[in-house]
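Take a look at the structure set out below.
Keep in mind that the numbers below use all heavy atoms, side chains included, and drop hydrogens, waters and symmetry copies. Residue numbering restarts at 1 for every chain, and letters A, B, ... go by the order of the sequence lines.
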There are 4 protein chains.
Amino acid sequence: MFASERREHLVRLAAELFAEKGYQATTVRNIADEAGILSGSLYHHFDSKESIVDEILSAFFDELTATNQAALERGGDPRTILAALVSNCFGTLVPHRAAIMVMQNDWNYLRQFDRFDYLTRSEEKAERMWMGQISKGQEIGLFRDDIDARLTYRMIRDTIWVAVRWFRPGGRLDAQGLADHYIKVLFDGIAVH
Amino acid sequence: MFASERREHLVRLAAELFAEKGYQATTVRNIADEAGILSGSLYHHFDSKESIVDEILSAFFDELTATNQAALERGGDPRTILAALVSNCFGTLVPHRAAIMVMQNDWNYLRQFDRFDYLTRSEEKAERMWMGQISKGQEIGLFRDDIDARLTYRMIRDTIWVAVRWFRPGGRLDAQGLADHYIKVLFDGIAVH
Amino acid sequence: MFASERREHLVRLAAELFAEKGYQATTVRNIADEAGILSGSLYHHFDSKESIVDEILSAFFDELTATNQAALERGGDPRTILAALVSNCFGTLVPHRAAIMVMQNDWNYLRQFDRFDYLTRSEEKAERMWMGQISKGQEIGLFRDDIDARLTYRMIRDTIWVAVRWFRPGGRLDAQGLADHYIKVLFDGIAVH
Amino acid sequence: MFASERREHLVRLAAELFAEKGYQATTVRNIADEAGILSGSLYHHFDSKESIVDEILSAFFDELTATNQAALERGGDPRTILAALVSNCFGTLVPHRAAIMVMQNDWNYLRQFDRFDYLTRSEEKAERMWMGQISKGQEIGLFRDDIDARLTYRMIRDTIWVAVRWFRPGGRLDAQGLADHYIKVLFDGIAVH
DNA sequence: AATGAATGAGACTTCATTCAT
DNA sequence: GATGAATGAAGTCTCATTCAT
């Protein structure tokens, strides 16, 4: 794919709007207005509104898959690996804010289109990866075995991504700080022992 | 308040559709089709599509506010109260599934309308309530004081509500089981001590 | 026609609304609301919205035709008769305010329906009557003969009826005072001689 | 201001329809049909039906305000100025026929919308201007002082504008002829002295 | 007499998309 | 690359009217 600068600029504008107003509520005219052109002119760069959001989402998924794969390859015990995965996820919060926002708010809508099937498959693969680490941690006595691996994975996953709704860089904690806080609570709970 | 049986039936149909397809993607015609009437006929019962979703959301908020208020009034230490609040929330997952689904998926869109301001205010009040308990727990040495009360509240909140996306009653765990699992992880973490 | 009291009351309510908002902009529901019943219930009294306005308009036309006929029968010179006709018209301003308002604002719309043909015929008859008096007055030297009878008639007619838009009883002049003022200007102009 | 030729053409078509059938009774589909396009396509040029009629009305008001202002600036005694104002008004009858027709028939409806407030203000300004001339004429002995300035103004105003309902260019008198006839009657009445 | 529910036609408007220039 | 005009489908909503109860 030939990614001209102009095209990338348009994608960024669109991403910002999708994040703020949602995919459905953002019109191609909104995007064109932001770019200072007419809505029809967008179709010189993209063949549909869907293909714009597709570009945003797949960039995000590609990067996350790659960094997670790298973490796995670096090896370590499940606790180390889990902490690395959590860090990776929080690490995308800023650079891929719009994609995550779209995932959180518009996924339910977008998944009905065949072209986004790859996202479902990607998520299923991720689930297997995370659950594998949790189960392994339970087997070797690192994690409590009175918790459910699938349930725990979902809680971790949802808690991370949903943070995109309120996380703003520049506040007290940056994304890494958030990750650390989260890892602390996740492993040891909020109670004093 | 304007509760005719017919009206309530229509609200339930609409709620199901909003939950499945999202508020924006559900057309008034979808709702009418489901009810076996013409779309215009809906306006005999409601004055707008917004007022339907409003009814769904406010029923949910009213109930949750009431049960949480009751939990506070029953008293107890912060750990007990927090556990009760968590249980209350998970307890709405089945009866108010649609409302929670709409909140998760369409809130970003709906909040732009003045008529839903009350939801924002309601959430702010809830935040103060939860954070109050967390802080109090920290003061009296029940909860670790190296965690951030606001951050922790948000994680709890998001983790609970986002569960509506995958929770299906009739599975291995019911809502109360989920709550118990969650409370366990929340207080003690997933690590073995 | 059997005019029950209830029916007459409803007509009056409708008339008020037609006058204030216009015939098209007034919905049968507006009328029903005003009467404290449901819109469908109006159809026990009238078979259509048109028939309500018809009743309002024909009551007005019947009365005006009758009083004008009486004035003609009383006889007198054209100036006397013209003054009497003008007085008659202004005299309907209060009791038939709504009908006149509808005539001024909605006539253009209503005339497309066959059922209101009688109004056009009635107006044509009136035109002949007025022009007859003006022409006769010119013939016998009462009125200037450098004015156009038809044009003059139309100016008189329009000036009278359009007054319904701003005339409010209870102000400085009552309808008869208005008539007198108008007759004065009509016969002698505003210039000092 | 946004005057493309296409747009102006559409405005003219709409104006004709508004004049013939009334604003409310004219549908955007009527206008589009007349233009040979689909109704939705109108929204490429205008953002609402209201904005079309707004354009029609404001063009009329702007021109009338300008020519009346010019007449005032040319100076002269009140009789001269009044005659000029009357001429100006009649002079708009042909070029702004549609706008005046809308004013006469649909004003009652349109004035409920905030966007047309400027018309009310414009009319109030005009009233002050006309009444000023009439009063001045009375003070310097040109006009009878047993007539009411406001009442007289309203009669003049209404008589002029209402002529739009029956005036057709190409008849015996053109607009200027009508104006002359009217001025004659206005100043000297219809009676022989 | 009135209710409550619904019809059916049609209103204004939105919007992704196309295409000649 | 972009404009300007248009399409076509669909969306929310309105409203006079009907009718069983």
Side-chain angles (χ1 to χ4, degrees), chain A residues 4-7 10 23-33 35-53, chain B residues 2 4-7 9-10 23-32 35-52, chain C residues 4-7 10 23-33 35-53, chain D residues 2 4-7 9-10 23-32 35-52:
Chain A
S4 76
E5 262 185 49
R6 183 86 178 109
R7 181 188 174 94
L10 292 172
Y23 175 75
Q24 292 173 84
T26 301
T27 69
V28 295
R29 205 174 142 194
N30 289 152
I31 303 170
D33 282 353
I37 58 178
L38 292 178
S39 63
S41 307
L42 276 179
Y43 288 79
H44 277 281
H45 304 278
F46 309 96
D47 44 72
S48 71
K49 188 184 168 189
E50 269 177 43
S51 79
I52 304 178
V53 80
Chain B
F2 301 97
S4 77
E5 259 185 52
R6 186 76 179 115
R7 182 188 175 94
H9 176 61
L10 293 170
Y23 174 75
Q24 292 172 84
T26 301
T27 69
V28 292
R29 174 127 62 174
N30 290 151
I31 302 171
I37 57 177
L38 293 176
S39 66
S41 305
L42 276 179
Y43 290 80
H44 177 64
H45 303 276
F46 308 96
D47 44 67
S48 70
K49 188 183 166 191
E50 267 177 44
S51 79
I52 303 180
Chain C
S4 75
E5 261 187 49
R6 184 88 179 106
R7 181 189 175 92
L10 293 170
Y23 173 75
Q24 293 173 85
T26 301
T27 68
V28 294
R29 204 173 142 194
N30 290 151
I31 303 170
D33 282 353
I37 58 177
L38 292 178
S39 63
S41 307
L42 276 178
Y43 288 79
H44 277 280
H45 304 278
F46 308 96
D47 46 70
S48 71
K49 189 182 166 189
E50 271 177 42
S51 79
I52 303 179
V53 80
Chain D
F2 301 97
S4 78
E5 261 185 51
R6 185 74 179 118
R7 182 188 175 94
H9 176 60
L10 294 170
Y23 174 75
Q24 293 173 84
T26 302
T27 68
V28 293
R29 172 127 63 174
N30 290 152
I31 302 170
I37 58 177
L38 292 176
S39 65
S41 305
L42 277 178
Y43 289 79
H44 177 64
H45 302 277
F46 308 96
D47 43 67
S48 70
K49 189 183 167 190
E50 269 177 44
S51 80
I52 304 179

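In this structure, the side chain of A:Arg29 does not engage the main chain of A:Ser39 through any donor-acceptor pair within 3.5 Å. At distances below 3.5 Å, at least one donor-acceptor pair connects side-chain atoms of A:Asn30 with backbone N or O atoms of A:Thr27.
Within the 4.5 Å cutoff, side-chain heavy atoms of B:Leu10 are placed close to those of B:Phe46. Residues D:Gln24 and C:Tyr23 form no side-chain contact, since every pair of their non-hydrogen atoms from C-beta on lies 4.5 Å or further apart.
Nucleic acid contact class of A:Leu38 (heavy atoms, under 4.0 Å, all strands): base.
Atom-to-atom, CD1 of D:Ile37 to P of F:dG4 comes out at 16 Å; the value is rounded to the nearest Å. Atom-to-atom, CZ of A:Arg6 to C1' of F:dA2 comes out at 10 Å; the value is rounded to the nearest Å. Rounding to whole angstrom units, CD1 of residue B:Ile52 and C1' of F:dT12 are separated by 11 Å. Between the CZ atom of D:Phe46 and the P atom of F:dA6 there is a distance of 11 Å, given to the nearest Å. Between the CG atom of D:Leu42 and the C1' atom of F:dG4 there is a distance of 15 Å, given to the nearest Å. To the nearest angstrom, C1' of E:dG4 lies 8 Å from NE2 of B:His45.
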Practice task
Whenever both distances are under 3.5 Å in a Watson-Crick or G-U wobble pair, mark it; put DNA chain E into dot-bracket that way, with [ ] for crossing pairs and | when the partner is on another strand.
Solution key: .||||||||||||||||||||
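The two residues A:Thr26 and A:Lys49 come nearest to each other via the heavy atoms O-NZ, 2.8 Å. Of all heavy-atom pairs spanning D:Val28 and D:Leu42, the tightest one is O-CD1, 3.4 Å. Here the shortest heavy-atom pairing between C:Ser41 and C:Ile37 reads CB-CD1, 4.0 Å.
To the nearest 0.5 angstrom, D:Ser4 atom OG is 6.5 Å from D:His45 atom NE2.
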Practice task
Scan nucleotides 15-21 of chain F nucleotide by nucleotide, 5' to 3', and note B when protein non-hydrogen atoms come under 4.0 Å of the base, S if they reach only the sugar-phosphate, - if neither.
Solution key: SSBB---
